[in-house]
Structure formats: structure tokens, C-alpha cells
Amino acid sequence: MPRTTPNGGVGVTATVAVFEYHLVGYRRTWRGSVFGSFLLPLLTMLGFGVGVGAYVEGGVGGVSYLDWVVPGLIASAALQVGVGEATWPVLGNFEWHKIYFGQAAAPLRVADVLGGHLAFVVFRALLSAAAFLLVATLFGAVHSVWALATLPLVVLLGCAVAAPTFAYSASITSDSYLALLFRFAVLPMSLFAGVFFPVEAMPVGLRWVAYATPLWHGVDLCRAATLGVAPQWSALGHLAYLALWAVGGWWLAHARFRKRLVF
């Protein structure tokens with residue numbers, strides 16, 4: 001029966017052990033994702049940055065459309081990977097493979113089980129963003145050394161979107177609800193949070209919806225970093241808002257994991 005132990009698995013070491021468990025699994029499958037990790041950025045930049053950009057006369061905000069859209073694509077890739085890795089894999093570990101129950105039966109705390117898997121998801125988002133950044137650099141779409149700041153920004157954005165998704169995935173028993181999440185949350189965010197066109201082009205009401213999403217804050221920070229300019233909004237405000245999503249998501253996810261794993 002799943003349980004936690006007061007003294008077993010306490011501390012960072014136990015969380016790292018869970019993270020290593022997921023890395024071992026990824027070590028067997030990473031070859032299948034490497035091609036896509038570089039092909040997706042390449043095709044996306046060719047399709048949107050070069051193809052669509054050819055029809056955007058004068059660029060956006062004084063820069064070419066390719067340079068403008070790349071940081072949005074980096075943040076959007078982190079969102080897609082973060083949510084994707086926090087949906088079916090999490091639900092599967094509860095409902096189909098029962099991995100979490102086995103881990104909880106070992107001397108591991110709920111925080112270790114959750115933290116180790118969340119760390120792996122953020123790691124995957126970071127790899128995806130790094131691949132996008134590399135391809136963008138080869139395309140000449142990166143113009144500032146501050147572009148390296150997109151990597152820690154992606155870590156924070158990954159936590160901000162993955163943690164609440166962990167909570168959602170731990171609250172359902174059917175993957176039908178995951179399709180709803182992508183249809184009514186992930187897809188609208190990807191399209192209307194400033195990735196492909198300025199948020200200011202939308203009606204005022206929709207702008208505030210975009211501002212409320214964590215993706216817009218990640219996009220604005222990444223765009224400021226790759227272009228070497230100040231963000232549209234306060235940098236500290238962006239970071240604090242994303243941190244709020246991450247902390248709130250962790251709290252909700254921990255509560256849901258504890259409810260399902262501790263009897």
C-alpha cells in the first residue's frame with residue numbers, strides 16, 4: 001500500500017534519485033526525440049520566420065519578423081514540452097503504469113516523487129529551448145549575448161506551466177480531459193500570447209487575457225533577451241508572476257499527489 005516514511009527519502013538526494021530514474025528511462029528513448037528537437041525549430045523558422053516573414057514588410061517593432069518571432073518560438077516550445085511531459089506521462093504513472101505508487105511505497109516523500117519528475121520535465125523543456133536557440137543562432141536571428149538568459153528563463157517558464165499541469169493531471173482519471181486542456185488552454189495560449197504577432201493587435205479584452213497567461217510573460221522576457229532590449233513590462237514583475245505560477249502550481253500538485261498516494 002502506498003505510504004510515506006518520516007525519515008526515509010528526506011532531502012535533496014531522494015529527489016535527485018527520482019530525477020535520475022526518469023533520466024535512465026530517457027536514455028533509452030532520447031534518440032527518437034533528437035531528430036525532432038532540431039527538425040521542429042528548423043521547419044518552424046523556415047515556415048514562419050522566413051516564409052511568413054517575407055510578407056511582413058518592415059518587420060515588427062523595427063526588427064525583421066524572423067528576429068521577432070524566434071524568442072516567441074523558444075518560449076512556446078518550452079510550453080509545449082512542459083505541458084506535454086506533464087500530462088500523459090503523469091496520468092499514466094497514476095492510472096496505467098502505477099509508477100508513482102511504487103515510488104511512494106519506497107522510502108520517498110511525496111515531494112520527492114513530484115519534485116524529481118518535475119525536474120525532469122523542466123530539463124526536457126530546457127533541452128528543447130536550447131535546440132531552438134542553437135538553430136536560431138545558425139539562422140543569424142540572435143543579436144545579443146543576453147540570448148543565453150533565455151535558458152534560465154525557460155526553466156522558470158517550464159516550472160510555471162508544468163507544475164499546475166501536474167496538479168491537473170493528478171486530478172483526473174481519463175485522458176479525455178487532457179485533450180480539453182490542449183484545446184482550450186495550450187492552443188489558445190500558443191496562438192494569442194504574443195508568439196506570432198503583437199498582443200497589442202488584439203482587442204483590449206483579449207489583451208488582458210493574454211497578459212494573464214504565463215506564456216506571454218515568458219515570451220516578453222525571451223524577446224527582450226534575444227534582441228538585447230528592455231521588456232515591455234517590468235522584468236521583475238515578469239519573474240515574480242512566473243514564480244507565482246510555479247509556487248502555486250507546486251502547492252496544488254503536491255496536494256493532489258498526496259491525496260492519491262498517501263492512505
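Source: prediction; values computed, not measured. In this chain, residues are counted from 1 in sequence order.
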Query raised in the report: Can you check whether F257 and F94 have ring centres sitting under 6.0 Å from each other?
Result: yes
Query - F166-H117 aromatic ring centre distance below 6.0 Å - result: yes
How about [X] and [Y]: do any of their side-chain heavy atoms sit closer than 4.5 Å?
X: K98; Y: N93; answer: no
X: F196; Y: L73; answer: yes
X: L66; Y: V70; answer: yes
X: H238; Y: D220; answer: yes
X: Y177; Y: Y168; answer: yes
X: L91; Y: T87; answer: no
X: R223; Y: Q232; answer: no
X: R124; Y: Y26; answer: yes

Query - R256 side chain vs A167 backbone, donor-acceptor pair below 3.5 Å - result: no
Can you get from [X] to [Y] by hopping between Ile, Leu, Val, Met, Phe, Trp and Tyr side chains that sit under 4.5 Å apart?
X: V199; Y: F197; value: yes
X: L252; Y: L242; value: no
X: L153; Y: W146; value: no
X: W233; Y: V209; value: no
X: L23; Y: V81; value: no

Separation between [atom1] of [X] and [atom2] of [Y], rounded to the nearest 0.5 Å:
X: C222; Y: L215; atom1: SG; atom2: CG; result: 9.0 Å
X: T15; Y: F19; atom1: OG1; atom2: CZ; result: 11.5 Å
X: D175; Y: L181; atom1: CG; atom2: CG; result: 12.0 Å
X: L126; Y: F123; atom1: CG; atom2: CZ; result: 7.5 Å
X: L108; Y: Y100; atom1: CG; atom2: OH; result: 12.5 Å
X: I74; Y: T226; atom1: CD1; atom2: OG1; result: 6.5 Å

Report task. Hey, can you tell me if W68 and Y65 have their rings parallel, tilted or perpendicular (30° and 60° cut-offs)? Result ->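 The rings of W68 and Y65 lie parallel, inter-plane angle below 30°.
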Heavy-atom pair of closest approach, residues [X] and [Y]:
X: F101; Y: R260; result: CE2-O, 3.4 Å
X: W250; Y: L118; result: CE3-CD2, 3.9 Å
X: A129; Y: L151; result: C-CD2, 4.4 Å
X: V90; Y: A170; result: CG1-N, 4.4 Å
X: L79; Y: S190; result: CD2-OG, 3.7 Å
X: P164; Y: C159; result: CD-O, 4.0 Å

Report task. Show your reasoning for whether salt bridge (charged side-chain N to carboxylate O under 4.0 Å, His left out) applies to D112 and R109. Result -> CA-CA 5 Å; D112 299 324; R109 301 172 303 169; 3.0 Å; yes
Requested in this report: Decide yes or no on side-chain contact (heavy atoms from CB on, under 4.5 Å) for M189 and W216, but give the supporting numbers first.
Outcome: CA-CA 8 Å; M189 262 199 291; W216 178 79; over 6 Å; no
Report task. Assess whether side-chain contact (heavy atoms from CB on, under 4.5 Å) is satisfied between V113 and I99, documenting all intermediate values. Result -> CA-CA 10 Å; V113 176; I99 298 297; over 6 Å; no
Query raised in the report: If you count the non-hydrogen atoms of other residues, nucleotides and ligands that lie under 6.0 Å from CH2 in W88, is the total more than 12?
Result: yes
Requested in this report: Show your reasoning for whether salt bridge (charged side-chain N to carboxylate O under 4.0 Å, His left out) applies to E20 and R27.
Outcome: CA-CA 10 Å; E20 289 177 349; R27 188 175 62 185; over 6 Å; no
Requested in this report: Would you please test V219 and S76 for side-chain contact (heavy atoms from CB on, under 4.5 Å) and show each step?
Outcome: CA-CA 8 Å; V219 168; S76 180; over 6 Å; no
Query raised in the report: Who else is in V24's hydrophobic cluster (ILVMFWY, side-chain heavy atoms under 4.5 Å, direct or via others)?
Result: none
